There are 4 protein chains.
Amino acid sequence: MQSPRWQRRAEDRPREICAAALDVFTEKGFAAARLDEIAKRAGVSKGTLYLYFKDKEDLFRAVVRDTVAPNVGALRDAAMASELPFAAVANMFLSRFADLAQRLPVGAVAKMVIGESGNFPELAKVWHDQVAGPSIGLLAGLIEKAQAKGEVRAGDPRLHAFTLMGPMLMGVIWREILQPVGGAPLDIEALARQHSQTVLTGLLAESEQ
Amino acid sequence: MQSPRWQRRAEDRPREICAAALDVFTEKGFAAARLDEIAKRAGVSKGTLYLYFKDKEDLFRAVVRDTVAPNVGALRDAAMASELPFAAVANMFLSRFADLAQRLPVGAVAKMVIGESGNFPELAKVWHDQVAGPSIGLLAGLIEKAQAKGEVRAGDPRLHAFTLMGPMLMGVIWREILQPVGGAPLDIEALARQHSQTVLTGLLAESEQ
Amino acid sequence: MQSPRWQRRAEDRPREICAAALDVFTEKGFAAARLDEIAKRAGVSKGTLYLYFKDKEDLFRAVVRDTVAPNVGALRDAAMASELPFAAVANMFLSRFADLAQRLPVGAVAKMVIGESGNFPELAKVWHDQVAGPSIGLLAGLIEKAQAKGEVRAGDPRLHAFTLMGPMLMGVIWREILQPVGGAPLDIEALARQHSQTVLTGLLAESEQ
Amino acid sequence: MQSPRWQRRAEDRPREICAAALDVFTEKGFAAARLDEIAKRAGVSKGTLYLYFKDKEDLFRAVVRDTVAPNVGALRDAAMASELPFAAVANMFLSRFADLAQRLPVGAVAKMVIGESGNFPELAKVWHDQVAGPSIGLLAGLIEKAQAKGEVRAGDPRLHAFTLMGPMLMGVIWREILQPVGGAPLDIEALARQHSQTVLTGLLAESEQ
DNA sequence: TATGAATGAGCGTTCATTCAT
DNA sequence: AATGAATGAACGCTCATTCAT
C-alpha cells in the first residue's frame, strides 16, 4: 500500500518492453506476434504498452531501430584503419563483424527485416541505408583504394565486397535459421578466421594457381 | 450472360492458386497474407481454395514445397562433374546457381523460409534437409576430395563451402530485400563470374600473395 | 454406356433421399445436418437433391410430413371403436401406439419437431394439428362420452388424456434420447400393457383404495 | 460522452450471458443460435463472450449445466418423505414437479437436450445421470417399498414410475412446443392435481372396476 | 437426368486498441 | 502510471446453392 511495488524503475520500462518485443517479434514475425505475450514477457499489462508506444507498428519500428542502431557505430570505426595494408583491414573487418554477431542479435534482426520487408519496406530501407549499404560502400571504397595501390586484383569493387562479406551473412543466417532445425553448429569466429585467410589468397592451393 | 461466371479448370487450378499464393506469401509473409487476396489474384473465389488445400497452412506448405522441389534436382547434377579440376567444378556450380536464381523464385522462397522459420520450423527443416544441407555437404565433399588431391588449400571444407556460396546467398537476398528499397541493382551472374574467379585465386593481387 | 447405371428407379429417388435425410436430420438436427452427408447416404450427388427439393428447408419439411402423415391415418381407426367399453378402447389405443412406435420413427420425428420447433414453428403446428391435437382430442372425446355413460370418473377429459398418453410419449423419448447415452432399455410394448392396466384401475392396491 | 460506453461488471457478466444464451439456444437450438444475438441480448459485445467462455460449445454446456443443476437438489428432498403413505408421497412429488416446472425453465432445457442429443450426447447423459435417471430411480424405489407394504399393486416399479411421471413430461413439452403454435393452454398444476388423484385410484369409475 | 466444381454470404473466433477504474 | 475488462473490425473457414458440363 504504502510503497507501491511498481514504482521502481519506471524509466526502464521502454527498454524492458523492447527486449521482450524483440524476442517475440523474432520468434513469430510481426503479424503473428501477440501483444499479450510481449506484455507478459515484459512483466507489464497490455494497456501499459500503449503508454510508451503508439501502436504495434510503433513498437516494432522502435525494436528494430534500437537494435540496428548500435551496429552502425561499431562499423564506422573500421574505416579509420584504411592506411593499413588491405589484408589487415579485411581481417579486422571480418573479425569485428564476427564479434558483433556474437554479442548482438544480428541474426534476429536480419530475420525480422527480411521476413517483414514486404510489410515494412522502410525498415528494409533503414537497414540498407544505415547498415548494409554503408558497410558494402565502405568495403568497396577500401577495395577501390587498395586496387589503386595495386594491392587488390581488378574487378568490380562492390562485387568484391560481396565476396568478402557474403559468407559472414550466410553464417549468421545459418545460425539463426538452420541450426535450430538440425543444421550442424557453426562457429562464426572460426568462419571469419578461415574465410579471411582463404579469400585473400584464394581457395586453390598455391601450386595450382 | 455472355461469359460464364466460371469455368471448369480442375487441372490447372492448383498451380494457378500456388502461383498467386507464392506472390502474396512472399510479399506479406504467412500471417499477413489474406486468403481473399490470394483468391482474387488466382481468379477464383475464396471457397475454391478449400477445394484444393485443407487450410491456409496447407497452402503455404504446398507453395514452399513446390517451389523448393525443382531446385533440389538441379543441384544434384553438379556432383557428377567431380572428376573435373576443382576450379572448373566451382565455376560450374556458381554459374548454375546464378542461372537457377534468375529463373526460379529462389529469393522469394528464401525470404518466406527465413521470415516464417519461427512459425514453421518444418519448412526451415525442409529447406535445410533438401536444399541448403545437401548443397553445402556436396560442396564440402568436393572440396575435401580436391584437398586430398592437393588442389585446394587446407582448412575446414565446410567453412570453405561457406566462402564459396555465401556471396551468392547474399546476392540473392540483396536483390530480394534491399534492391526494392533503393539498393543498387545487382547482377547475380556477374557476381557469380567475378566471385568464382576471385575466390579461387584470392582477392589479393598476385604480387601481394 | 449403353444402359446407364442410374436410369433404374428414377422415381424412387425422392423416397431414398427422404430416408437418408430423415437419418441425418434426426442425428444432427436441421442446422447441423449437411446436405453433403444426406447426398452421400442417399447415394446421389449434392446437385441431385435440388432436382427434387427446392432447398434444404423444403427437404426438411418433406421429411417431416412424409413421416408424420402415415401416423395420422393409423389413429383415425381407433375412433371407430367407440362403442366398445372404454377400457377396451384405451387398451387398443395404447397398444396401437406402441406398435406404431415400434415400426415408425416416431421418436426420431418427435426429436426433430421438438428440437426445431423454434426455427420451424409450422412443423410443430403440423404435428399439433395433425397428430398430437387430434389424438388428444379424440381421446378426450372418447373419455367424455365414457364419463357420460358413467364409465370414467369425473375430471377434465383432456387432462385424463394426458394421464393416458403421457407415459407413452415419455417412453418414446426415453428410448430415443436417454437409452443411447446409458439409460436402461425400455420395452415400449410392455410399458403400454402395464400402463393400460394400471391407469384404468389405479396404482394403489385394491385394499388401499 | 454522458454514459460510458461500458461498465465493469465482471461478477454479473457470466450470469447475464448465460441467461441470454439460454433464451437464444432454446429458441434456435445450438447450431442456429448466433453469438451476435446472444451478445446483443446480454448487452455485451461478441468479443466479451470469449472472456468468460472458451467457445460456443463451452457456453452451451455451461447454460445447460447451470440450468439443470438447481433441479437436482429440489428432487432429492422428496425421498425423505418415504415413511408417509405412498399416495401422499406421489401427491407431493407431482405437485413439487409442477411447482418446479413453473419456476424453472424445465421445458426449455428439455427442448435443448432433446434437440441436441445427437450433437451433444454428454448433455443427454448429464440429464440422464443427474435428472431423469435419479428421478425415475427414486420413484421406482419408493414404489417398490410401497409394493412390499402392500400399498401399490404388482408390476414393474420402473414402468409404474413412467405411469406416474409421463403425463408431467408430456405437459411440459406441450407447453413448450405445442402451446406456442396454437395448442390449447395447459395448466401444469391442474394436471398434477388431477393426474395424481386419477392415477392412484384409476381412470375407471369405481362402479366399473 | 445427373454431376461436382465453383461460388460467396455468413459465422465463429481472434486480437489490437480503448478506457473506466 | 498502471491495469485489464470490454470492444469491434477483420479474417479463416464452412456450406447451401448454382450452373457448366
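Quick caveat, the model's predicted, so the values are computed rather than measured. Any value given below was found using the heavy atoms of this structure, including those in side chains, with hydrogens, waters and symmetry copies removed.
- Base pairing annotation: E:dC11 forms a Watson-Crick or G-U wobble pair with F:dG12, both donor-acceptor distances under 3.5 Å.
- Between B:Asp12 atom CG and E:dA6 atom P there is a gap of 10 Å when expressed in whole angstrom units.
- E:dG10 atom P lies 15 Å from atom CD of D:Glu37, rounded to whole Å.
- Listed pair A:Arg13 / F:dA2 meets the phosphate criterion, a side-chain N or O lying under 4.0 Å from OP1 or OP2.
- A salt bridge does not link A:Lys40 with A:Glu37: none of the charged nitrogens is closer than 4.0 Å to a carboxylate oxygen.
- Dashed line: the shortest gap from a side-chain N or O of C:Arg34 to OP1 or OP2 of F:dA16 is under 4.0 Å.
- Nearest-nucleotide mapping onto DNA chain F: of B:Lys56 and D:Leu49, the residue sitting toward the 5' end is D:Leu49.
- Dashed line: the shortest gap from a side-chain N or O of D:Tyr50 to OP1 or OP2 of F:dA6 is not under 4.0 Å.
- Mapping C:Gly47 and D:Asp55 onto DNA chain E via the closest heavy atom, the residue that lands nearer the 5' end is C:Gly47.
- Pairing partner, E:dT21: F:dA2, with both Watson-Crick or wobble hydrogen-bond distances short of 3.5 Å.
- Heavy atoms only, all atoms of each residue included: B:Lys125 and A:Val181 are closest at NZ-O, 3.7 Å.
- With the nearest nucleotide of DNA chain E identified for both A:Leu35 and D:Leu35, D:Leu35 has the one nearer the 5' end.
- Using a 4.0 Å heavy-atom criterion, one finds that D:Ala33 contacts the sugar-phosphate atoms exclusively.
- A donor-acceptor contact under 3.5 Å is formed by the side chain of C:Lys46 with the base of F:dT17.
- Side-chain nitrogen and oxygen atoms of B:Thr48 include at least one within less than 4.0 Å of the OP1 or OP2 phosphate oxygen of E:dT7.
- The line from CZ of B:Phe25 to SG of B:Cys18 is 9.5 Å long, rounded to the nearest 0.5 Å.
- C:Ala32 comes within 4.0 angstrom of nothing in the nucleic acid, heavy atoms only.
- For the pair B:Ala31 and D:Gly43, both in contact range of DNA chain F, the more 5′-proximal nearest nucleotide belongs to D:Gly43.
- For A:Leu51, whose side chain is taken as the heavy atoms from C-beta onward, the closest listed nucleotide among F:dA2, F:dA16, E:dT3 is F:dA2.
- The CZ-P distance, from A:Phe30 to E:dA16, rounds to 8 Å in whole Å.
- Atom-to-atom, CZ of C:Phe53 to P of F:dT17 comes out at 13 Å; the value is rounded to the nearest Å.
- With respect to C:Glu116 and D:Lys28, no salt bridge is recorded, no charged nitrogen being found less than 4.0 Å from a carboxylate O.
- Note on D:Tyr52: a side-chain N or O is less than 4.0 Å away from OP1 or OP2 of F:dA6.
- Heavy atoms only, all atoms of each residue included: A:Arg65 and A:Val126 are closest at NH2-CG2, 3.6 Å.
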